[in-house]
Asker: 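One structure, pasted below without further comment.
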Amino acid sequence: MDKKILSTGAILGMIAIILGAFGAHALKKVLSIEQLSTFETGVRYQMYHALFLLFIGLLKNISLKAKKTIYFLVVFGILLFSGSIYLLATNDLTAFDFKVIGFVTPIGGLLLIVAWVVLFININNKQSQI
């Protein structure tokens, strides 16, 4: 599971760098300052949580169950939170109105928060030896 977590963290980090560069160069010409700032928020949170997965993959003192839980919360959290932000920020560039999916952004954020809560609980578990 650690290899899967580390690999996913590396891939999500790489994608964050690519999207950040894309936003800074290609999208800068077609998005407003506010839209670009929104897009960058998605990139930033994706990178934070890619690094979080790398950290989780290297931890040896939390249970496999906790790692799996954190992994799925982070992956789905990034998809919903950052993914919806990317679509909402670039909404004017498509024929589809992505505002209808705006409700998933806070759900994704909640999943990311819960992942951190699971880590906190596991670190403070009396059986944990961190």
Asker: I'd like to check Tyr86 versus Thr38 (side-chain heavy atoms, cut-off strictly below 4.5 Å). Are they in contact?
Answerer: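 Result no, sub-4.5 Å side-chain heavy-atom pair not found.
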Asker: Should the ring pair Tyr45 and Tyr48 be called parallel, tilted or perpendicular, given that the plane angle runs from 0 to 90° and is split at 30 and 60?
Answerer: perpendicular
Asker: Under 3.5 Å, side chain of Lys67 to main-chain N/O of Leu59, donor-acceptor pair present?
Answerer: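 Such a contact is found between Lys67 side chain and Leu59 backbone.
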Asker: Under 4.5 Å between side-chain heavy atoms, hopping through other hydrophobics if needed: is there a path connecting Val118 to Leu51?
Answerer: no
Asker: State, with a plain yes or no, whether a side-chain heavy atom of Asp2 is found less than 4.5 Å away from one of Ile56.
Answerer: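 Not in contact.
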Asker: Is the closest side-chain heavy-atom distance between Ile15 and Ile11 below 4.5 Å?
Answerer: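 Yes, side chains in contact.
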Asker: Does one hydrophobic cluster hold both Leu73 and Phe120, with members joined at side-chain heavy-atom distances below 4.5 Å?
Answerer: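 No, Leu73 does not connect to Phe120 through the hydrophobic network.
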Asker: Heavy-atom distance under 4.5 Å between the side chains of His49 and Leu53, does that happen here?
Answerer: no
Asker: Below 30° counts as parallel, above 60° as perpendicular, anything between as tilted: where do the rings of Phe55 and Phe52 land?
Answerer: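 If you compare the ring of Phe55 with that of Phe52, the planes turn out parallel.
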Asker: Hey, are the side chains of Ser63 and Asn122 touching, using non-hydrogen atoms and a 4.5 Å cut-off?
Answerer: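 Ser63 reaches Asn122 side chain to side chain.
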Asker: Could you check whether any side-chain heavy atom of Asn125 comes within less than 4.5 Å of a side-chain heavy atom of Ile121, counting everything from C-beta outward?
Answerer: no
Asker: Go through Ser37 and Glu34 one step at a time and tell me if the side-chain hydrogen bond (donor to acceptor under 3.5 Å, both in side chains) criterion holds.
Answerer: CA-CA 5 Å; Ser37 176; Glu34 183 179 320; over 6 Å; no
